Amino acid sequence: MELDLTETLSELIAIPSVNPMGRDVEGDEYFEYRVTDYLENLFERMGVAWQRQAVAPKRDNILARLDGHTPPEQGGAVLLFEAHQDTVPVEGMTIEPWTPTIKDGRIYGRGSCDIKGGMVAMLGALARLADNRPPEMPTIIMACTVNEEHGYTGATALTKLWTAPGNSIMPRRPDAAVVTEPTGLDIVVAHKGAVRWRCHTHGRATHSSQPHLGENAIYKMAKVLAAFERYATEHTATLARHPLCGVPTLSVGTIHGGISVNTVPDRCTIEIDRRILPGENGPEVYQQIIDYVTRHAGAAGVEHEKAYMMGSTLADTHNGPLADRLATVAQELLGRGKKVGVPYGTDASTISGAGVPSIVFGPGSIDQAHTADEWLPLDELKQASDALYEFARRGL
């Protein structure tokens, strides 16, 4: 079947699939299940085998399989296409998030850039491959996963289909993977990971008219924040760089404290995001930062929770030949397609960590991802789909 890329992307934008990002929320816009239902119907119309993999309530990965000329059971290669189904929340958007709007060669809406545009580029390539069945094509497994934006649990569950195999249309570990994200049609061969955790300061509550009888946890946190800021602005500059990903970074993203203005707060909480480089060890980095903060702010009344995210990196040590093949196709078709490193994380690190050479490629710019007026250039949507089709057509 011929897939209209713009129409398909418009339909997907109109289906909310918001990741609650760990919040206790309710509403029809949350979780990915409606997008999963849409994809199931689409794979049925394509005539390809498909499978749902339950990850959490209302959160299923969905996989489709298109056999190549030589099936993997007979020694043929397996290429994984992967895209995530979830989007970030929509608070603060200046456009209607689920009303796709086309203007000046762009399509606007939540998920247009991150990452339903990339998903549609892959779907378009898959539909063309299903129609044409090129003789050199490997078996294609297209996996659309859940919860990329807040923990990579969908990608982690996906890897279990070959690390702990059972009854699945995934026949074995793929030979290579292309993960889609907004890369501006460049090929990402390396990216950072993330360590995230919460830090609390504890005090003693009392009436604000007698603050000397209490201990203000927010004041205590101010000293802790000063230590984190010094680490972020001064210490990270002394650490090793990566030739493609640059320097490690640290950011404090949230702060909560107190119950009322007339009560001395007995607790304050912040959340920390430390981006790690390929070659760094997440648990070691986490402990080094805690030791640094302790030296500069003290440990009394300060509590660091165990890290709730230990996101791995994508290293450029095992994906060079794969990246070269896609770069050749992109440069021939599009006149672009550099091999680059990026500061953000993707599902590619999880898939690579399970033994599959992985790269990242897709339409759009990360500068438009998660924004208040998120958009995708429609010319890149078609260009990405054409490049993915040609890449798969030539085989592994």
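Because only heavy atoms are used, hydrogens play no part in the values below, and waters and symmetry mates are left out as well, while side chains stay in. Keep in mind the model is a prediction, meaning the values are calculated, not measured.
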*Asks:* Using a strict threshold of under 4.0 Å (side-chain N to carboxylate O), is an ion pair present between R204 and D266?
*Replies:* no
*Asks:* Would Y308 and E271 count as having a side-chain donor-acceptor pair, cut-off 3.5 Å?
*Replies:* yes
*Asks:* Between D316 and K339, is there a salt bridge with N-O shorter than 4.0 Å?
*Replies:* no
*Asks:* I'd like to know if the side chain of Q331 reaches the main chain of G337, judged simply by a donor and an acceptor atom lying under 3.5 Å from each other, with no hydrogens or angles considered.
*Replies:* yes
*Asks:* W98: which residues meet the side chain to side chain donor-acceptor pair (under 3.5 Å) condition with it, sequence neighbours left out?
*Replies:* none
*Asks:* Any salt bridge linking R128 with D386? Criterion: basic side-chain nitrogen under 4.0 Å from a carboxylate oxygen.
*Replies:* yes
*Asks:* Whether the side chain of S385 engages the backbone of K382 through a donor-acceptor N/O pair (distance < 3.5 Å, no angle test) should be reported.
*Replies:* no
*Asks:* Can you tell me if E91 has over 12 outside heavy atoms packed within less than 6.0 Å of its CD?
*Replies:* yes
*Asks:* Indicate yes or no: does R394 engage E332 in a salt bridge with an N to O separation below 4.0 Å.
*Replies:* yes
*Asks:* Would you please name every residue forming a side-chain contact (heavy atoms from CB on, under 4.5 Å) with T36, sequence neighbours left out?
*Replies:* E32, R52, D60, I62, Q85
*Asks:* Does a donor on one side chain and an acceptor on the other come within less than 3.5 Å for T153 and N147?
*Replies:* yes
*Asks:* Is any side-chain N of the basic residue among R295 and D291 closer than 4.0 Å to the acidic one's carboxylate O?
*Replies:* no
*Asks:* Work out which heavy atom in I270 is nearest to a heavy atom in V252; give both atom names and the distance.
*Replies:* CB-CG1, 3.9 Å
*Asks:* State which residues pass side-chain contact (heavy atoms from CB on, under 4.5 Å) with T6; sequence neighbours excluded, sorted by chain then number.
*Replies:* D4, S10, I102, L378
*Asks:* Please find the pair of heavy atoms, one from I272 and one from R198, that lie closest to each other, and give the distance.
*Replies:* CD1-C, 4.5 Å
*Asks:* Pairing donors with acceptors under 3.5 angstrom, does anything connect the side chains of H200 and E303?
*Replies:* no
*Asks:* Between E11 and K116, is the closest basic N to carboxylate O distance under 4.0 Å?
*Replies:* no
*Asks:* Can you hop from L39 to V18 via hydrophobic side chains spaced under 4.5 Å?
*Replies:* no
*Asks:* Are R110 and E374 close enough for a salt bridge, meaning some N to O gap below 4.0 Å?
*Replies:* yes
*Asks:* Is the CD atom of E96 crowded by more than 12 outside heavy atoms at less than 6.0 Å?
*Replies:* no
*Asks:* Give the minimum heavy-atom separation between T139 and G68, together with the two atoms involved.
*Replies:* OG1-N, 3.0 Å
*Asks:* Quick one: does S168's side chain have a donor or acceptor within less than 3.5 Å of a partner on M170's backbone?
*Replies:* yes
*Asks:* Ignoring hydrogens, what is the shortest heavy-atom contact between T159 and T350? Give both atom names and the distance.
*Replies:* CG2-O, 3.9 Å
*Asks:* Does any donor atom in the side chain of W50 or E40 lie under 3.5 Å from an acceptor atom in the other side chain?
*Replies:* no
*Asks:* Same hydrophobic cluster for F31 and L158, using side-chain heavy-atom links shorter than 4.5 Å among ILVMFWY?
*Replies:* no
*Asks:* Quick one: NE2 on H191 to OG on S312, what's the gap to the nearest 0.5 Å?
*Replies:* 7.0 Å
*Asks:* State whether the side chain of D186 and the backbone N or O of K338 hold a donor-acceptor pair below 3.5 Å, judged by distance alone.
*Replies:* yes
*Asks:* Output yes when a side-chain donor or acceptor of T145 lies under 3.5 Å from a complementary backbone atom of N61, and no otherwise.
*Replies:* no
*Asks:* Show the nearest heavy-atom pair for residues L239 and P248, with the distance to one decimal.
*Replies:* CD1-CG, 3.8 Å
*Asks:* Does the R267 side chain pair with the main chain of H256, one donor and one acceptor, at a distance under 3.5 Å?
*Replies:* no
*Asks:* Keeping T313 on the side-chain end and A315 on the backbone end, is there a donor-acceptor pair under 3.5 Å?
*Replies:* no
*Asks:* Taking atom types as modelled, find out whether D86 and H150 have a side-chain donor-acceptor pair closer than 3.5 angstrom.
*Replies:* no
*Asks:* Spell out, yes or no, whether Y292 and V285 are grouped together once hydrophobic residues are joined by side-chain heavy atoms under 4.5 Å, including indirect joins.
*Replies:* yes
*Asks:* Do R393 and E136 pass the salt bridge (Lys or Arg N to Asp or Glu O under 4.0 Å) test, and can you show the C-alpha distance, the side-chain angles, and the key distance before you say yes or no?
*Replies:* CA-CA 6 Å; R393 185 190 70 79; E136 300 299 322; over 6 Å; no
*Asks:* State the CG-CG distance between L326 and N319, to the nearest 0.5 angstrom.
*Replies:* 11.0 Å
*Asks:* What's the shortest heavy-atom distance between A217 and T201, and which atoms?
*Replies:* O-OG1, 2.8 Å
*Asks:* Is a salt bridge present between K58 and E26, judged by a nitrogen-to-oxygen distance below 4.0 Å?
*Replies:* no
